[in-house]
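Accompanying notes for the structure given below.
All values derive from a computational prediction rather than experimental measurement. Computed from heavy atoms alone, side chains included, the values below leave out hydrogens, waters and symmetry copies.
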Amino acid sequence: TLTVFPEWSRLRALGPDCAPAWNYVCCARTQSLHGPSPVTTFGPKACMLKNPKAVMHIQDPASQRLTWNKPPKSVLIIKKIRDTSLLQPFKELCIFLTQQKNMIVYVERKVIEDPAIANESFVSIKKNICTFREDYDDISNCVDFIICLGGDGTLLYASSLFQESVPPVMAFHLGSLGFLTPFNFDTFQSQVTQVIEGNAAIILRSRLEVKVVKEYRENGSVEEMSLVTNGNKTMQYQVLNEVVVDRGPSSYLSNVDLFLDGHLITTVQGDGVIVSTPTGSTAYAVAAGATMIHPNVPAIMITPICPHSLSFRPIVVPAGVELKIMLSRDARNTAWVSLDGRKRQEIAYGDSITITTSCFPVPSICFRDPVNDWFESLAQCLHWNVRKKQSHLSSEEEEF
C-alpha cells in the first residue's frame with residue numbers, strides 16, 4: 001500500500017491526531033491501475049484482518065478474513081417485503097438474536113408494518129426491535145453487521161442503505177436465484193454464531209461511485225427548479241451491480257458519448273450501455289453478451305445493449321479510470337439512467353453521468369471462501385459449463 005500511497009507512512013508517524021487527514025487520504029482517488037484503495041473498516045466495529053504478506057494493496061482472496069475491533073452488539077435484518085414464506089425464518093432469527101445473543105435488532109419500519117406480521121405471535125418480538133425509515137433515518141453508525149433474508153435483491157437493497165462504509169453482510173438464500181446469497185438457513189444458528197465470533201471469510205465487492213449532474217434549466221418544472229440550489233444539481237450514489245443508460249420509451253436509437261479520463265472513446269448507438277462492477281458482470285452484463293469477472297478483480301466493464309455495430313464488443317477497463325457519459329449532440333431523444341434497477345431518471349442535453357470505482361466496497365461474508373463460493377454460484381445458479389460428459393474410448397476404438 002505504501003507504494004501507491006506514500007503519504008500513509010508520513011501520516012502514521014504523526015500519530016492518532018492526524019485521523020481526519022488519514023480518512024481523506026484513504027478516500028482519495030488515484031490513477032493506479034488497481035483503482036482506489038478500498039476502505040477496510042466496515043461499520044462501527046468490523047474490519048478486515050490485516051495480512052502482512054499482502055503485496056501493495058492487492059491481497060490474496062483466500063486470506064481475506066473478518067475480524068472485530070469490539071464484539072458486535074447490533075444487527076440489521078433486511079427481509080424481502082410481502083413474502084409470507086419468510087415470516088417464520090424472520091421470527092426465528094429475531095428470537096435467536098434478541099434472546100440468545102442479546103443483540104439489538106434493527107428492522108425497516110415497513111417490514112414491521114406488513115399486515116402479515118401484525119399478529120399476536122410477533123408481539124413479544126416487536127417490543128425488542130428498533131425500526132428505521134429509508135431516506136429518513138441514518139443508521140450507518142448504529143449497525144455492526146447485516147443479515148439478508150431473501151434473494152440477490154436484498155443484498156442490493158442493503159448496499160443502497162449505506163452510502164459510505166458498509167457493515168459486513170451475511171446473506172441467506174431464501175429467494176429465487178441466490179447468486180449473491182451463499183448461506184442456507186437450515187443451520188443459521190451456528191453460522192451466525194461463527195460470524196459474531198469473527199470466524200468468517202469475506203469478499204470485498206467493489207461498488208461504483210456515480211454522480212449524476214443535471215444542468216439548470218429556466219423552463220424546468222417548479223418541482224425540478226426547487227431542487228436546484230447553486231446552478232447545476234448533483235446527485236451521488238453507490239452502485240453495487242451496474243449503471244444502465246438506455247433509450248427509455250423512445251423509438252429512436254440511444255446516442256450517448258462515452259469519455260474515459262476526459263478523452264472521448266466512442267459514441268454508443270443502440271439500445272444503451274451497461275457500466276458494471278465485477279459483481280454486476282453476472283447480472284445484466286452477461287445477459288447482454290459480456291464475460292464474467294470474479295469480484296476480486298479490480299475492473300469496470302462496459303457492455304453495449306444491442307449496439308448498431310457488429311464490431312462493438314464488451315470491454316474491461318482498469319478500476320482506476322473515470323468514465324463519463326453524456327447525451328450526444330446528434331441524439332434524437334433523451335436517455336434514461338437507472339442504478340441497480342432503482343432511481344431511474346431522465347438524462348437531457350447538458351446532463352452528465354460520472355462513474356468511478358468507489359472506496360467503499362460491500363464486505364460480503366462467504367460460506368467457504370471467495371473463490372469456491374463464486375464458482376459454486378456459477379455452477380448452481382447459471383449452470384456454467386454444465387453438460388453431459390463425453391464417454392471414454394474403449395480399447396478397440398483407441399486402435400483406430
K214 side chain to E346 backbone, donor-acceptor under 3.5 Å: yes
Step by step, work out the side-chain contact (heavy atoms from CB on, under 4.5 Å) result for N255 and R329. CA-CA 9 Å; N255 202 327; R329 291 181 178 273; over 6 Å; no
Validation: residues 264-274 side-chain donor-acceptor distances under 3.5 Å, sequence neighbours left out:
unit_1: T267; atom_1: OG1; unit_2: D257; atom_2: OD1; d: 2.8
unit_1: D271; atom_1: OD1; unit_2: R247; atom_2: NE; d: 2.8

Would you say that more than 12 heavy atoms from the other residues, nucleotides or ligands in this model lie under 6.0 Å from the CD of E92, or not? yes
For atom NZ of K80, decide whether the heavy atoms of other residues, nucleotides or ligands shown that lie under 6.0 angstrom number more than 12. no
Sequence neighbours excluded, every pair satisfying ring pair (Phe, Tyr, Trp, His ring centres under 6.0 Å) that has a member inside [range]:
range            : value
residues 241-298 : H294-W374
residues 71-98   : F96-F188
residues 301-350 : none

Verdict with reasoning, R133 to D138, per salt bridge (Lys or Arg N to Asp or Glu O under 4.0 Å): CA-CA 9 Å; R133 296 169 298 169; D138 183 11; over 6 Å; no
Remaining members of M301's ILVMFWY cluster at a side-chain heavy-atom cut-off under 4.5 Å? I293, V297, V316
Going by the rule salt bridge (charged side-chain N to carboxylate O under 4.0 Å, His left out), which residues pair with E134 if we only count those two or more places apart in sequence or in a different chain? R342
Only counting residues at least two apart or in another chain, list the ones meeting side chain to side chain donor-acceptor pair (under 3.5 Å) with R332. none
Could you list the residues that satisfy side chain to side chain donor-acceptor pair (under 3.5 Å) with Y106, not counting sequence neighbours? none
By the side-chain hydrogen bond (donor to acceptor under 3.5 Å, both in side chains) test, which pairs, at least two apart or in different chains, include something from residues 359-373? D369-N372
Are the side chains of I325 and V275 in touch, meaning some heavy atoms are under 4.5 Å apart? yes
Within-4.5 Å side-chain heavy-atom neighbours: L161 and F132: yes
Assigning hydrophobic clusters by single linkage (Ile, Leu, Val, Met, Phe, Trp, Tyr; side-chain heavy-atom cutoff under 4.5 Å), is V244 placed with V213? no
Shared hydrophobic cluster for V286 and L240 (ILVMFWY, side-chain gaps under 4.5 Å): yes
Residue set satisfying side-chain contact (heavy atoms from CB on, under 4.5 Å) with S311, at least two apart, ordered chain then number -> S309
K73: partners by side-chain contact (heavy atoms from CB on, under 4.5 Å), with sequence neighbours left out: K45, D144
Can you check side chain to side chain donor-acceptor pair (under 3.5 Å) on S159 and R207, steps first, answer last? CA-CA 9 Å; S159 169; R207 295 194 291 179; 3.1 Å; yes
Output a table of donor-acceptor pairs, distance under 3.5 Å, between side-chain atoms of residues 177-185 and any protein atom two or more places apart or on a different chain; print 'none' if there are none.
unit_1: T181; atom_1: OG1; unit_2: G178; atom_2: O; d: 3.4
unit_1: N184; atom_1: OD1; unit_2: D186; atom_2: N; d: 3.0

State whether R344 and D246 are salt-bridged, where the test is any N-O pair (Lys NZ or Arg NE/NH1/NH2 against Asp/Glu carboxylate O) under 4.0 Å. yes
